[in-house]
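If you read the sequence from its start, that first residue is 1, and numbering goes on from there. Not measured: the values here are computed from a predicted model.
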Amino acid sequence: MKISKISAAVAAFALVSGFAFADSEVKFSNKVSSDIVEIVSNDDDTETEFAGIKNKTVFEYASDNLDAMIELVFWSKKETDEKNPLDADDDKDYFAIGTGGFDFGDTFIEFRPFEVLGFEFHEKLNTAGSYLPVWDDNLSTGNMGSDFGVVVRPVEGLVFGAGVDFMSAFGHDDRKPIFNFGVEYANEDFAIGGALRNVAGDEDEDTGTDELAFGVYTSLLMVENFSFNLGFAYNDAVEPDVGTVDGNLLTAGIMFEKDAVTLNVDAATNFGNSDDKEFDLYSAVQFGFAVNDNFSAELTFANALDFESDDDKKEKAMFEINPAVTLTFDRHEFGAGVNVFFNEDGSKVCFPVHWKYSF
């Protein structure tokens with residue numbers, strides 16, 4: 001997706017410049033973060049290594065006719081696809097910008113020449129119910145957006161999205177273009193919607209597996225201070241740090257906020273095709289308390305379990321504990337914590353810190 005993301009950034013800059021004198025809202029933030037060191041203990045052996053530094057810069061623009069965001073991510077130690085947090089990463093690249101040379105993250109534009117019709121490029125139009133608050137992310141089958149698509153809002157609260165993933169239309173060894181479609185209706189009491197990804201049902205070239213994916217989600221808001229997100233996903237994945245649960249999924253997220261107290265809960269489990277999966281159940285609880293307007297504390301517990309009946313293939317249960325504190329003043333935010341992963345084979349400890357400046 002490198003070319004499409006670079007193009008999106010260039011287009012966003014051009015469009016923002018063209019609308020500079022319209023009624024608009026502009027936001028900027030820069031966040032520097034690091035886990036400081038990773039201490040991994042396995043089988044009476046302990047390894048300690050520098051965890052790298054990550055910088056994320058975000059520019060946001062919003063007006064009646066145009067929404068745009070440019071996100072640039074740089075890190076001194078490249079992320080890997082390794083999902084087991086207890087495995088030491090010996091092959092990480094240093095001072096890489098992105099996965100394929102560049103990473104423009106969630107960069108997008110949406111241009112609305114008419115009130116009911118818009119055109120989007122690389123936008124994530126997520127359904128409300130696909131969000132899991134502790135993971136702090138949405139399932140991909142709740143995304144109504146595409147690399148390039150059309151957004152229709154015929155009446156208040158109703159959204160249709162349809163489009164094509166840009167790079168799939170240019171070769172990819174005779175693969176079909178990847179078409180996507182989604183719809184959501186939302187009001188003050190609830191939201192319901194879903195998305196169909198890869199409508200043509202293309203297959204993975206290496207495994208031959210079906211890449212068609214879809215999800216149906218709802219968010220219930222009728223109870224004061226509570227939000228309940230529920231969903232069903234076919235061929236999707238929930239990928240928190242503690243472990244991946246993928247396949248056909250049932251998901252749930254609960255958010256509670258009252259005065260100084262917040263409580264978030266995640267749950268995701270697969271069914272029907274779970275025997276060959278890494279983990280079958282992910283659950284997490286996050287408790288937060290705001291001491292005052294400038295200082296807050298948070299404690300997160302998460303785990304991933306495998307229900308595989310064959311002990312030789314079964315993944316050992318993984319657990320995570322993460323206490324953290326956040327201090328804010330003026331336009332600055334500072335955070336620090338301790339993140340501990342462990343199972344019966346060993347543990348990993350790191351010390352995440354961050355500084356964020358925004359205006």
query = Can we call the ring centroids of Phe214 and Tyr234 under 6.0 Å apart?
reply = yes

query = Would you call the rings of Phe232 and Phe271 parallel, tilted or perpendicular if under 30° counts as parallel and over 60° as perpendicular?
reply = tilted

Just wondering, do Leu249 and Val238 contact through their side chains at under 4.5 Å, heavy atoms?
yes

inquiry  = If you define the side chain from C-beta out and look only at heavy atoms, does anything of Lys54 sit under 4.5 Å from Ser34?
reply    = no

Separation between CD1 (Ile178) and CG (Asn198), nearest 0.5 Å, reads 5.0 Å

- Message: We want to know whether Asp165 and Asn180 form a side-chain donor-acceptor pair, criterion being a heavy-atom distance below 3.5 angstrom.
- Response: yes

- prompt: Taking the side chain from Arg197 and the backbone from Met144, do they hold a donor-acceptor pair closer than 3.5 Å?
  reply: no

**Item:** N/O donor-acceptor pair under 3.5 Å between Asn229 side chain and Ala252 backbone
**Value:** no

Practice prompt. Treat each ILVMFWY residue as a node, draw an edge where side-chain heavy atoms are under 4.5 Å apart, and state whether Val216 and Phe190 are in one component.
Written response: no

| message | One pair to check against side chain to side chain contact (heavy atoms under 4.5 Å, CB included): Leu281 and Val245. What are the steps and the verdict? | response | CA-CA 6 Å; Leu281 174 67; Val245 177; 5.7 Å; no

Fill in: Leu117 with Tyr185, same ILVMFWY side-chain cluster at under 4.5 Å
yes

| message | Are Val26 and Phe111 connected into the same hydrophobic cluster when the rule is that any two of I, L, V, M, F, W, Y join if their side-chain heavy atoms are below 4.5 Å apart? | response | yes

**Request:** Using atom types as modelled and distance alone, determine if a side-chain donor or acceptor of Asn42 lies under 3.5 Å from a backbone N or O of Asp45.
**Result:** no

(Q) Strictly distance-based, threshold 3.5 Å: is any side-chain N or O of Asp67 a donor or acceptor partner for the main-chain N or O of Glu110? (A) no

Would you find a donor on one side and an acceptor on the other, under 3.5 Å apart, between the side chain of Asp35 and the backbone of Val37?
no

Common cluster, Val150/Val159, ILVMFWY with side-chain heavy-atom separation under 4.5 Å:
no

Rounded to the nearest 0.5 angstrom, the CZ-CG distance for Phe307 and Asn270 is 8.5 Å

All heavy atoms of Ala237 vs all of Asp246, minimum pair found to be CB-CB, 3.6 Å

Rounded to the nearest 0.5 angstrom, the CZ-NZ distance for Phe226 and Lys258 is 10.5 Å

From the list Phe342, Phe279, Phe341, Phe301, ring pair (Phe, Tyr, Trp, His ring centres under 6.0 Å) with Phe319 holds only for Phe342

Distance-only check: which donor-acceptor pairs under 3.5 Å involve side-chain atoms of residues 136-143, not counting sequence neighbours?
unit_1: Asp136; atom_1: OD1; unit_2: Tyr131; atom_2: OH; d: 2.6
unit_1: Asn138; atom_1: ND2; unit_2: Ser130; atom_2: OG; d: 2.9
unit_1: Ser140; atom_1: OG; unit_2: Asp236; atom_2: OD1; d: 2.8
unit_1: Ser140; atom_1: OG; unit_2: Asp236; atom_2: OD2; d: 3.4
unit_1: Thr141; atom_1: OG1; unit_2: Tyr217; atom_2: OH; d: 2.6
unit_1: Thr141; atom_1: OG1; unit_2: Asp236; atom_2: OD2; d: 2.6
unit_1: Asn143; atom_1: OD1; unit_2: Leu125; atom_2: N; d: 3.0
unit_1: Asn143; atom_1: OD1; unit_2: Gly145; atom_2: N; d: 2.8

- Does the Asn294 side chain pair with the main chain of Thr328, one donor and one acceptor, at a distance under 3.5 Å? yes

When every non-hydrogen atom of Asn343 is compared with those of Ala317, the smallest separation belongs to CB-O, 2.9 Å

Hey, are the side chains of Tyr282 and Asp266 touching, using non-hydrogen atoms and a 4.5 Å cut-off? yes

Legend entry - Pair Glu320, Asn303: side-chain N/O donor-acceptor within cut-off below 3.5 Å: no

Note, Phe160 side chain near Pro154 side chain (heavy atom, < 4.5 Å) = yes

Nearest heavy-atom contact between Glu38 and Ala51 is CG-CB, 3.9 Å

Are the charged groups of Lys348 and Glu49 less than 4.0 angstrom apart, N to O?
no

Tell me whether Glu298 contacts the main-chain N or O of Val325 through its side chain, where contact means a donor paired with an acceptor under 3.5 Å. no

Set out, in order, the CA-CA distance, both residues' side-chain angles and the distance that settles side chain to side chain contact (heavy atoms under 4.5 Å, CB included) for Ser146 and Val164, then state yes or no.
CA-CA 6 Å; Ser146 302; Val164 61; 5.7 Å; no

Notebook entry, point to check: Is it true that the side chains of Asn55 and Asn30 contain a donor and an acceptor less than 3.5 Å apart?
Noted result: yes

| message | Taking the ring of Phe119 and the ring of Phe121, is the distance between their centroids below 6.0 Å? | response | no

Discussion item. ring-ring contact (aromatic ring centres under 6.0 Å, His included) for Phe287 and Phe289? Distances and angles first, verdict last.
Written reply: CA-CA 7 Å; Phe287 174 77; Phe289 182 77; 7.2 Å; no

Q.
Can a donor-acceptor pair be found, under 3.5 Å and without considering hydrogens, that links the side chain of Asp147 to the backbone of His122?
A. no

Looking only at heavy atoms, the pair that brings Ser219 and Leu221 closest together is OG-CD2, 3.7 Å

The complete set of salt bridge (Lys or Arg N to Asp or Glu O under 4.0 Å) pairs with one or both residues in residues 336-347, sequence neighbours excluded, reads Lys316-Asp345

Original post:
When you look at Leu196 and Leu212, which way does the side chain to side chain contact (heavy atoms under 4.5 Å, CB included) test go after all the steps?
Top reply: CA-CA 8 Å; Leu196 186 62; Leu212 171 69; 3.7 Å; yes

Separation between OG1 (Thr262) and CG (Asn225), nearest 0.5 Å, reads 12.0 Å

>> Any side-chain to backbone donor/acceptor pair from Asp306 onto Glu315? Under 3.5 Å, distance only.
In response: yes

Here the gap from Glu71 atom CD to Thr107 atom OG1, rounded to the nearest 0.5 Å, amounts to 6.0 Å

| request: Give the intermediate values and the outcome of side chain to side chain contact (heavy atoms under 4.5 Å, CB included) for residues Ile70 and Val58. | output: CA-CA 6 Å; Ile70 298 171; Val58 179; over 6 Å; no

On a heavy-atom basis, the closest approach of Ala191 and Ala186 is CB-CB, 3.7 Å

Between Val242 and Met318, the two heavy atoms sitting closest are O-CG, 3.4 Å

Practice prompt. Start with the C-alpha distance between Asp64 and Arg112, add both sets of side-chain angles, then the distance that settles salt bridge (Lys or Arg N to Asp or Glu O under 4.0 Å), and finish with yes or no.
Written response: CA-CA 8 Å; Asp64 291 339; Arg112 293 178 294 277; over 6 Å; no

**Message:** Quick check: do Val285 and Thr300 have side-chain heavy atoms less than 4.5 Å from each other?
**Reply:** no

What pairs of donor and acceptor atoms, side-chain ones from residues 349-357 against any protein atom, are under 3.5 angstrom apart with sequence neighbours left out?
unit_1: His354; atom_1: NE2; unit_2: Glu333; atom_2: OE2; d: 2.8
unit_1: Trp355; atom_1: NE1; unit_2: His332; atom_2: ND1; d: 3.1

d(Leu299 CG, Ile321 CD1) to nearest 0.5 Å is 7.5 Å

query = Do the side chains of Phe28 and Ser358 get nearer than 4.5 Å, heavy atoms only?
reply = no

Note to self: Tell me if a side-chain donor or acceptor on Glu184 pairs with a main-chain N or O of Ala128 at a distance below 3.5 Å.
What the structure shows: yes

Report task. Give the cluster check for Leu158 versus Val152: same hydrophobic cluster or not, with ILVMFWY residues linked at side-chain heavy-atom distances below 4.5 Å. Result -> yes

